[in-house]
Amino acid sequence: MSEPTTARAAPTAAGIAARHALGWLVAANAVGVGLAVLLLWPDLNDVLGPLTYGRWVPLHLDWQLYGGCALPLVAVLLQWCLGERPPSGVAQARVAVGLWSLALLLGGVAWLGGGSSGKMFLEWHGWTRPLLPLAMVVLWAVLASHAWRRRGEPDRSGHAGRAAVLLVLLAVPGVLYWSAGRGVYPSVNPDSGGATGTRLLLSTLGIVVIFGLLAEILGLARRRSGPWFWGYAGFSALVGAAIEHGNASHHEAAEILGLATLLGWIPLAWFHFTGGQGVAAARRWWAAAYAWWVLLVVLGLLNFLPGFSERLKFTNAMVGHAHLAMAGLVTSANLAVLQELGAGRRFRRFWLWQIACAVQIAALAFLGWGELGHGAELFYSAPWTQAIYGLRLVAGLGMLGASVAWWCDARGATNEGVAT
Amino acid sequence: MNGGTKPRTVPVVAAIVAIAATYGYFLLFAEFAFLQLATRELGAGLALCLLLGVLGAGGITGSLLAAGASGLNPRRALAAGFGGCAMAAALATAGGMWLWWAAAGVGVGLGWTTVLLSMRLRASLGTRWLGRGCGLGTGLAYALSNLPPVFEARPGVQAVIALMLAGAGLAAAGFLAADTVERADGPDFSGRGCVGWIAIFLMLVWLDSAGFYVLQHTPGLRDVTWQGPWRLYGNALTHLVGAVLAGWALDARRWGGTILVALLLLGLADILLAGGVGGYAGVPYTLGVSAYSVALVYYPAWGARPWLAGILFAVAGWVGSALGIGMVQDLHALPLWFVALAGTVIAGLLLVRRGELRGTGVLLLVGGFFLAPPARADEPSIARGREVYIAEGCINCHSQYVRRGVTEDVVRWGPARPLAETLAESPPLIGIRRQGPDLTNVGNRRSAEWQRLHFVAPRTLSPGSRMPGYGRLFKDSDSRGADLVAYLDSLGETTLEVRRAQIEAWQPDAAALSHPDSAAEAQRQFGRLCASCHGPSARGDGPLATRLAVRPPDFQHEPWRHLRAGEAAPEVALARLIKFGVPGTAMAGHEYLDDATVVALARYVTLLHR
């Protein structure tokens with residue numbers, strides 16, 4: 001008598017990208033935890049030889065951005081362009097996503113070896129500079145070939161949408177390669193050394209457009225909200241273009257007012273995303289993403305205002321704000337997206353992630369608020385700063401644990417099958 | 001792989017002519033005469049870059065369009081491609097706005113023609129003779145392009161020759177075999193195999209175009225490698241022989257061996273170029289280029305897979321050429337580390353092809369770690385130090401930006417720099433957070449001696465600092481530590497006088513001066529922040545004292561060194577020294593301490609002084 005066996009379910013193209021995404025999220029979070037440990041106990045750097053704190057930071061940032069944050073969107077594109085049961089599509093997706101991951105892995109190895117451009121989130125330098133753009137070209141070729149293969153299917157608006165999105169995406173590898181160059185630097189707010197209001201407005205608008213497209217592709221968008229959503233996006237872009245004049249200060253009213261137009265996205269995002277019939281398991285993730293979005297917009301504007309900017313720029317509060325954007329908003333939205341795609345079972349540890357993320361952000365914001373007046377205490381590791389860094393480490397461990405659980409969930413979804 | 005039958009003569013000749021015409025058009029016109037025509041018309045600025053972008057985008061588009069063009073009559077479609085190439089060559093000679101149309105036409109026409117032709121070759125040449133046919137066609141194209149009357153002709157004449165080549169291709173297209181051949185299978189044509197071969201050809205084209213650009217654009221090098229009738233005849237013959245030999249090796253199924261030989265030859269040529277002895281690079285370069293170029297025609301022809309050919313020519317051909325030329329233009333040199341990287345990647349992929357995956361993974365990872373762009377010995381120490389600053393990720397904890405409107409910034413870190421000065425750096429190192437001090441003016445806040453001690457043992461000088469130790473950068477044979485210190489020492493060298501004036505003008509808060517001191521707290525702070533140099537009792541006998549060039553003073557027995565005689569307010573002057581240090585000495589400031597702590601320390605030190 002033989003025991004029942006479990007047949008392995010065939011992975012989908014989107015499922016492959018999802019597993020890579022969650023794998024990179026785990027890796028980036030693990031590096032983040034390592035960094036938190038090194039800040040608390042800097043003598044541990046001596047044990048690591050040449051691999052000291054500064055060499056690990058690009059791995060945390062870039063694996064998070066190009067792995068954990070970007071690959072779920074790749075999963076959506078694969079599902080959208082390849083369709084159901086594409087011939088050779090899974091193998092091609094495996095190659096394309098594999099190359100993407102190989103680029104991230106080699107990038108990480110090079111950064112640890114000291115090969116960095118010196119530009120945060122764009123550390124690709126020397127021989128690593130073309131790696132990710134090349135992986136993107138391969139991915140684009142796979143997406144385009146399947147979009148072309150499906151041109152005979154009766155879905156005209158879908159074909160037009162895919163063609164338009166692919167046309168825009170064609171520019172991405174070149175733009176990434178170009179922008180990683182050391183000679184390229186965006187406009188700077190002369191009074192803060194940070195981003196100008198226009199830059200913040202346009203980059204946030206980029207995220208809004210991506211989420212808007214996601215809603216359309218996943219069928220979540222409310223039909224009536226489309227004109228409002230895209231109309232306001234066009235209006236915001238026009239505002240950005242109108243106030244753009246290079247290195248502008250946050251003391252200029254036009255910069256503040258331009259950035260304040262982002263507040264309009266608080267109701268619009270709610271209106272746009274609550275129309276479709278999404279997957280039940282995704283709803284709490286969308287709700288969390290929305291809550292983080294509201295916080296991000298409001299705090300982003302506050303951080304930019306004169307008075308707040310002077311107090312918070314160059315402090316841990318800005319690190320907290322980056323965590324709010326990437327760990328709060330984007331990760332929650334990406335988990336929702338992966339649920340919509342069916343790339344995992346119901347992802348567990350929702351509250352663990354959300355609470356740990358909130359603690360992390362609050363701890364960094366609190367520390368940042370005190371830094372201007374208590375710089376010496378941060379530099380000399382005063383006990384209260386150590387306590388906050390300790391709290392941050394605990395929160396980081398919670399986030400790492402949650403991401404490991406999701407990765408197992410995504411693997412489990414593939415491994416689950418029919419008992420025979 | 002099939003043995004193959006003996007092919008018919010007419011399709012064989014037609015295939016060789018078509019290969020020679022396509023390759024010749026590419027070498028003579030797309031890569032050469034068109035560029036010269038465009039440079040003459042547009043200069044060497046942004047417009048030329050855009051035009052070349054149009055050419056490259058056209059090439060990629062043409063390749064992918066041809067790959068997806070199933071259902072067309074293959075010979076007619078190919079003839080149309082040659083026709084388009086001919087028209088584009090004619091348009092280019094018209095100049096003006098036509099140049100832009102010509103760029104798009106050359107790109108699309110060549111991309112289209114290359115892919116469609118590669119789909120006809122196995123039927124025309126047969127599997128047994130495919131390599132030699134590709135070799136002869138490719139070799140003839142290289143030989144023709146190098147003949148002195150052709151190579152040295154004016155760009156307009158070369159455009160006419162290209163037009164004639166396209167005409168010859170158009171005529172030959174009608175005589176190619178129209179039979180359909182089966183798509184090749186096997187590991188070289190699986191998903192992984194295809195990606196591997198595309199990557200191999202990409203690296204080879206990249207190496208080739210970078211090397212060719214250096215050869216053609218380095219004054220003196222072109223004279224000794226590509227000038228004079230006998231040298232040009234020699235190059236033509238070397239190309240032809242190299243290509244035919246490569247074709248023969250490919251027919252003998254020496255795929256990996258052919259690539260390896262091509263890599264070694266190209267690598268040798270590039271090493272000679274990078275090493276400044278490029279005069280010897282001509283022969284290995286021509287042989288290596290010929291060998292891999294034949295393989296670049298042969299592989300997609302053998303596969304007979306349109307999408308493989310399309311992506312191969314788009315990625316390896318067009319993107320690879322752009323990357324090679326762009327890299328040399330960007331770096332103004334062909335870096336040796338890149339040659340090593342390309343060699344590592346290609347060797348790794350050939351190992352993968354042989355199934356040695358584990359070894360390749362290790363090779364890639366180990367190679368990647370050590371392939372950080374090395375510091376150039378001919379750069380000044382400060383520039384090398386800046387690279388060390390970037391490589392070690394100092395930017396992740398230190399900013400280099402003083403906000404002129406923020407009092408705390410200016411007092412602590414010194415005068416602000418003009419934004420234009422910061423943005424002129426490549427890249428600007430503004431940073432985003434301060435886990436440690438801002439370094440905009442660190443050169444006039446910390447001496448080189450202090451920096452060295454601090455890098456080796458940060459917490460000895462700055463108790464509680466979160467900075468890693470960098471003693472490894474100061475080992476005997478390693479100049480990185482000295483370079484890094486030189487770089488930091490250079491920061492703020494233009495603001496020293498302004499900083500001195502700022503320090504002179506500084507006064508502690510009135511509240512700090514009237515604040516009642518806690519002697520015990522001041523003693524604790526002295527023990528923590530000062531005793532490592534000054535000693536616990538301020539006798540100048542701290543653990544670091546013997547390592548300093550000038551021993552710290554014995555406060556109990558020596559007069560003040562840096563206070564003027566008859567100083568009106570010695571307490572304030574001492575507080576100033578404690579807060580800002582003494583520029584040019586190992587006495588560093590404690591800029592981030594609040595005024596009350598600084599004044600309390602000044603009073604405590606006064607008590608110690610006899």
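Since the model is a prediction, treat every value here as computed from it, not as a measurement. Lettering of chains follows the sequences in order, A, B, ..., and the numbering in each one begins at 1.
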Checklist entry - Side chain, backbone, both or neither: which part of B/Pro437 has a non-hydrogen atom closer than 4.5 Å to chain A? => result both
Checklist entry - So which part of A/Val137 gets closer than 4.5 Å to some heavy atom of chain B, the side chain, the backbone, both or neither? => result side chain
Checklist entry - So, B/Ser426 versus A/Arg182: side-chain donor-acceptor pair below 3.5 Å or not? => result no
Item to check | Top contributor to chain B contacts, counting heavy-atom pairs under 4.5 Å, from A/Trp111, A/Tyr185, A/Trp148 | outcome: A/Tyr185
Checklist outcome for this item: Cut-off 4.5 Å, heavy atoms of chain A, and the answer for B/Ile60 is neither
Next on the checklist: Would you call the rings of B/Tyr592 and A/Tyr380 parallel, tilted or perpendicular, taking 30° and 60° as the class edges?
Outcome noted: perpendicular
Checklist entry - Do the side-chain N and O atoms of A/Asn189 and A/Thr196 include a donor-acceptor pair separated by under 3.5 angstrom? => result no
Checklist entry - Using non-hydrogen atoms only, which part of A/Ser187 is less than 4.5 Å away from chain B: side chain, backbone, both, or neither? => result neither
Checklist entry - A/Phe314 ring centre to B/Arg433 NZ or CZ under 6.0 Å, with the angle to the axis within 45°? => result no
Checklist entry - Hey, which of B/Leu323, B/Leu473, B/Thr422 has the most heavy atom pairs under 4.5 Å with chain A? => result B/Leu323
Item to check | Salt bridge flag under 4.0 Å for residues B/Arg403 and A/Glu310 | outcome: no
Item to check | Most contacts with chain B, counted as non-hydrogen pairs under 4.5 angstrom, among A/Ser117, A/Gly193, A/Gly118 | outcome: A/Gly193
Checklist entry - What part of A/Thr315 lies closer than 4.5 angstrom to a heavy atom of chain B: side chain, backbone, both or neither? => result backbone
Checklist outcome for this item: Ranking B/Arg412, B/Met467, B/Glu591 by heavy-atom pairs under 4.5 Å to chain A gives rank one to B/Arg412
Next on the checklist: Pair A/Leu59, A/Leu112 - check side chain to side chain contact (heavy atoms under 4.5 Å, CB included), show working.
Outcome noted: CA-CA 8 Å; A/Leu59 278 73; A/Leu112 284 177; 4.0 Å; yes
Checklist entry - Do A/Glu252 and A/His245 have a side chain donor and acceptor closer than 3.5 Å? => result yes
Checklist entry - Is chain A contacted by the side chain of B/Cys394, its backbone, both, or neither, given a heavy-atom distance below 4.5 Å? => result neither
Checklist entry - Which of the residues A/Leu39, A/Asp191, A/Asp46 is involved in the greatest number of heavy-atom pairs with chain B at under 4.5 angstrom? => result A/Leu39
Checklist entry - Would you call B/Glu425-B/Arg386 a salt bridge at under 4.0 Å N-O? => result yes
Checklist outcome for this item: Okay, B/Tyr470 and chain A: the region with an atom under 4.5 Å from a heavy atom over there is side chain
Next on the checklist: Is B/Leu419 in contact with chain A via its backbone, its side chain, both, or neither, using a 4.5 Å heavy-atom distance?
Outcome noted: side chain
Next on the checklist: If you count heavy-atom pairs within less than 4.5 Å of chain B, which of A/Glu371, A/Glu377, A/Lys313 leads?
Outcome noted: A/Lys313
Item to check | Contact origin within A/Leu48 toward chain B - heavy atom pairs under 4.5 Å | outcome: neither
Checklist entry - So what's closer than 4.5 Å to chain A heavy atoms on B/Glu408: side chain, backbone, both or neither? => result side chain
Item to check | Test side chain to side chain contact (heavy atoms under 4.5 Å, CB included) applied to B/His590 and B/Ile578, step by step | outcome: CA-CA 6 Å; B/His590 301 81; B/Ile578 292 166; 4.2 Å; yes
Checklist entry - Parallel under 30°, tilted from 30 to 60°, perpendicular over 60°: which one fits the rings of B/Trp206 and B/Phe338? => result tilted
Item to check | Within residues 129-138 of chain A or reaching into it, pairs that qualify as side chain to side chain donor-acceptor pair (under 3.5 Å) - sequence neighbours excluded | outcome: A/Arg129-B/Asp330
Checklist outcome for this item: Applying a strict 4.5 Å limit to non-hydrogen atoms, the region of B/Leu429 in contact with chain A is side chain
Item to check | Most chain A-contacting option - heavy-atom pairs closer than 4.5 Å, from B/Val406, B/Leu423, B/Val388, B/Val402 | outcome: B/Leu423
Checklist entry - Side chain, backbone, both or neither: which part of B/Leu202 has a non-hydrogen atom closer than 4.5 Å to chain A? => result side chain
Next on the checklist: Please classify the contact between B/Ile395 and chain A as side chain, backbone, both or neither, with a heavy-atom cut-off of under 4.5 Å.
Outcome noted: both
Item to check | Check ion pair B/Arg404-B/Asp409 (N to O, under 4.0 angstrom) | outcome: no
Item to check | Residue A/Leu99 versus chain B: region with a heavy atom under 4.5 Å | outcome: side chain
Checklist outcome for this item: Looking only at B/Gly436, B/Gly310, B/Gly469, the option with the highest number of non-hydrogen pairs under 4.5 Å against chain A is B/Gly436
Checklist entry - Between B/Gly431, B/Ser190, B/Pro428, B/Pro418, which residue shows the highest count of heavy-atom pairs closer than 4.5 Å to chain A? => result B/Pro428
Item to check | Side-chain donor-acceptor contact under 3.5 Å, B/Glu392 with A/Tyr53 | outcome: no
Checklist outcome for this item: Ranking A/Met120, A/Met318, A/Gln92, A/Lys119 by heavy-atom pairs under 4.5 Å to chain B gives rank one to A/Met120
Checklist entry - So which of A/Trp56, A/Trp41, A/Tyr389 has the largest heavy-atom pair count under 4.5 angstrom toward chain B? => result A/Tyr389
Contacts under 3.5 angstrom, residues 170-181 of chain A side chains, donor-acceptor by atom type, not counting sequence neighbours:
unit_1	atom_1	unit_2	atom_2	d
A/Ser179	OG	A/Val175	O	2.8
A/Ser179	OG	A/Leu176	O	3.2

Item to check | Engaged part of B/Arg472 at the chain A interface, taking heavy atoms whose separation is under 4.5 Å | outcome: side chain
Checklist entry - Taking the six-membered ring for Trp, are A/Phe308 and A/Trp369 parallel (under 30°), tilted (30 to 60°) or perpendicular (over 60°)? => result tilted
Checklist entry - Got a sec: does the CZ of B/Arg528 have more than 12 other heavy atoms crowding it under 6.0 Å? => result yes
Item to check | Toward chain A, the part of B/Arg480 with a non-hydrogen atom under 4.5 Å | outcome: side chain
